[in-house]
Amino acid sequence: MEIGITSFVETTPDVQTGEVMSHAQRLREVVEEIVLADQVGLDVFGIGEHHRKDYAASSPAMVLSAAAPLTKRIRLTSAVTVLSSADPVRVFQDFATLDGISNGRAEIMAGRGSFIESFPLFGYDLNDYDELFDEHLELLLKIQASEKVTWRGGHRPAIQNLGVYPRPVQNPLPIWIGSGGNQESVVRAGLLGLPLMLAIIGGSPRQFAPLVQLYKKVATHAGHDVSRLTVGSHSLGFVAEDTELAADTFFPSTQAGMNKIGRERGWAHYNRASFDAARSFEGALYVGDPETVAQKIIHLRKHVGMTRFMMYVPISTMPHDQVMRAIELLGTEVAPRVREEITKWEAETQQESTFA
């Protein structure tokens, strides 16, 4: 069971002071967060790509490359790369470069993205939203599979037997599919035999179990070894020494962030009742003391089937020391508890299967 952190490197106004930190400061902070995550034994750190004022990371590979030589073991991934509006050759080159700098710890998580600012910025038509993703993913996978590429599509200029460099340390460089729960994306990941990351930020995580089963069924039908495929969850969360302290600390910035996005998308107002309901045991919010959070992650593994858990923290600006403490507790107390329990559970399950 892999456990890690996702950050969108937010620069929203501080809910207490109203101050807005510079993009430069927040970028330096997130590098410190990646270094700490590595030091406390977390498995992976993901940076989301955005192209708007309230997020500082337009280039996840650049941010992750800054942390790569300062870390030793942690895997470094985008979360996600907005592949529909990105050139697949450049994406592969950037992450192959990161892979070299980190000595084989890079990953690409490709998705459509839930924000659309990159389309007009890079000259793409939103009417081609789905078609662009399909085409760009096809090319990205061709580059992953071969040093020399011949390819033709409907939007990007063709490539005729050209090499793409540098080549990564890992062969192949891992490419994930990131999805908000769209069935089409789940089926695509299964058909291609790619690892799948599901954004579970509302409702009950158990509702995603049928999608995980569909993914595995499609992958099996397509001839892939399901035991080698990873399914992950990207979920909001926060850890503190005490559950009520965690909730009281995390709620103000979460409410501000959810309502900001909600106003743009027509969501209902997010209040403390919504927050508390989501942090119930069957809810999608992983907020509490280390034992509470650990038990929810264990529950997710047993009943939904995830083998990677990514805690998205924070959703809106929080004091850096609070985020660092949450990362520390996730690595030193939550992760060991989860790994111990899951290892024991898997051994018991295997034993029961042997004697069945």
Side-chain angles (χ1 to χ4, degrees), residues 4-34 37 45-64 66-67 77-86 109 111-124 126 129 178 180 197 199-202 234-238 249-272 274-275 278 284-285 287 310-324 326-327:
I5 295 288
T6 302
S7 175
F8 288 175
V9 198
E10 70 302 319
T11 56
T12 51
D14 185 284
V15 292
Q16 302 296 332
T17 66
E19 294 180 0
V20 178
M21 75 174 68
S22 69
H23 290 156
Q25 178 183 343
R26 186 65 189 103
L27 287 165
R28 291 191 296 269
E29 285 186 354
V30 81
V31 170
E32 292 177 5
E33 291 164 13
I34 299 169
F45 204 107
I47 298 292
E49 175 192 343
H50 295 88
H51 300 271
R52 48 189 285 163
K53 187 176 181 178
D54 46 356
Y55 298 106
S58 62
S59 176
M62 285 286 289
V63 181
L64 296 167
T77 183
S78 55
V80 297
T81 292
V82 185
L83 192 60
S84 300
S85 59
M109 193 182 298
R112 290 176 172 85
S114 62
F115 295 88
I116 60 173
E117 290 82 7
S118 60
F119 284 81
L121 186 63
F122 297 117
Y124 289 100
L126 273 172
Y129 185 81
M197 179 64 65
I200 305 179
I201 59 174
H234 155 92
S235 303
L236 288 167
F238 186 78
T249 302
F250 193 55
F251 171 69
S253 61
T254 299
Q255 180 186 40
M258 294 292 278
N259 283 332
K260 184 179 189 302
I261 298 171
R263 286 190 293 271
E264 298 174 6
R265 303 185 181 185
W267 295 351
H269 181 73
Y270 191 84
N271 56 28
R272 184 60 189 253
S274 308
F275 177 84
L285 201 56
V287 175
M310 300 284 287
M311 178 177 283
Y312 171 25
V313 59
I315 187 173
S316 188
T317 297
M318 293 181 67
H320 184 45
D321 61 341
Q322 293 179 353
V323 176
M324 293 285 275
I327 292 171

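Because the structure is predicted, anything quoted here is derived from the model rather than measured. Position 1 is the first residue of the sequence; numbering continues from there.
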Q: Output, in order, the C-alpha distance, side-chain angles, deciding distance and verdict of ring pair (Phe, Tyr, Trp, His ring centres under 6.0 Å) for Phe8 and Tyr312.
A: CA-CA 8 Å; Phe8 288 175; Tyr312 171 25; 4.4 Å; yes
Sorted by chain and number, sequence neighbours left out, side-chain contact (heavy atoms from CB on, under 4.5 Å) with Ala37 holds for Leu42, Phe45, Ile74, Ile327
ask   = So, the side chain of His51 versus the backbone of Phe122: is there a donor-acceptor pair under 3.5 Å, distance only?
value = no
Next on the checklist: Keeping Thr254 on the side-chain end and Phe250 on the backbone end, is there a donor-acceptor pair under 3.5 Å?
Outcome noted: yes
For Arg52, the salt bridge (Lys or Arg N to Asp or Glu O under 4.0 Å) test, sequence neighbours excluded, returns Asp54, Glu117, Glu264
Residues at least two apart in sequence or cross-chain that pass ring pair (Phe, Tyr, Trp, His ring centres under 6.0 Å) with Phe251, listed by chain then number, are Phe275
Side-chain contact, heavy-atom cut-off 4.5 Å: Tyr129 with Tyr124?
-> no
Hits for side-chain hydrogen bond (donor to acceptor under 3.5 Å, both in side chains) against Ser7, two or more places apart or cross-chain, chain-then-number order -> none
Problem set entry | Side-chain donor or acceptor of Thr11 paired with backbone N/O of His23 under 3.5 Å | no
Checklist line | Crowding at CG, Leu27 (>12 non-hydrogen neighbours, <6.0 Å) | finding: yes
Of all heavy-atom pairs linking Ile34 and Ala67, the shortest is CG2-CB, 3.6 Å
Across all chains, not counting sequence neighbours, the side-chain contact (heavy atoms from CB on, under 4.5 Å) partners of Ala326 are Phe238
Applying side-chain contact (heavy atoms from CB on, under 4.5 Å) to Met324 and not counting sequence neighbours gives Glu32, Glu33, Leu36, His320
Across all chains, not counting sequence neighbours, the side-chain hydrogen bond (donor to acceptor under 3.5 Å, both in side chains) partners of Thr12 are Ser316, Thr317
Trace of the side-chain contact (heavy atoms from CB on, under 4.5 Å) decision for Gln255 with His269: CA-CA 9 Å; Gln255 180 186 40; His269 181 73; 3.9 Å; yes
Residues at least two apart in sequence or cross-chain that pass ring pair (Phe, Tyr, Trp, His ring centres under 6.0 Å) with Phe115, listed by chain then number, are His50, Tyr55
So salt bridge (Lys or Arg N to Asp or Glu O under 4.0 Å) across residues 5-19, not counting sequence neighbours, yields Glu10-Arg26
Go through the steps for Val313 and Leu236 under the test side-chain contact (heavy atoms from CB on, under 4.5 Å), then give the verdict. CA-CA 6 Å; Val313 59; Leu236 288 167; over 6 Å; no
Pro120 meets the side-chain contact (heavy atoms from CB on, under 4.5 Å) criterion, sequence neighbours left out, with none
- Task: Run the numbers on Gln322 and Thr249 for side-chain contact (heavy atoms from CB on, under 4.5 Å), then give the verdict.
- Result: CA-CA 8 Å; Gln322 293 179 353; Thr249 302; 3.3 Å; yes
Residues at least two apart in sequence or cross-chain that pass side-chain hydrogen bond (donor to acceptor under 3.5 Å, both in side chains) with Ser253, listed by chain then number, are none
Contacts of Ser84 meeting side-chain hydrogen bond (donor to acceptor under 3.5 Å, both in side chains) (sequence neighbours excluded), chain-then-number -> none
Note: Met310 and Ile5 closest approach over all heavy atoms is CE-O, 3.2 Å
| query | Backbone N or O of Ile201 within a donor-acceptor pair of the Ser235 side chain at under 3.5 Å? | reply | no
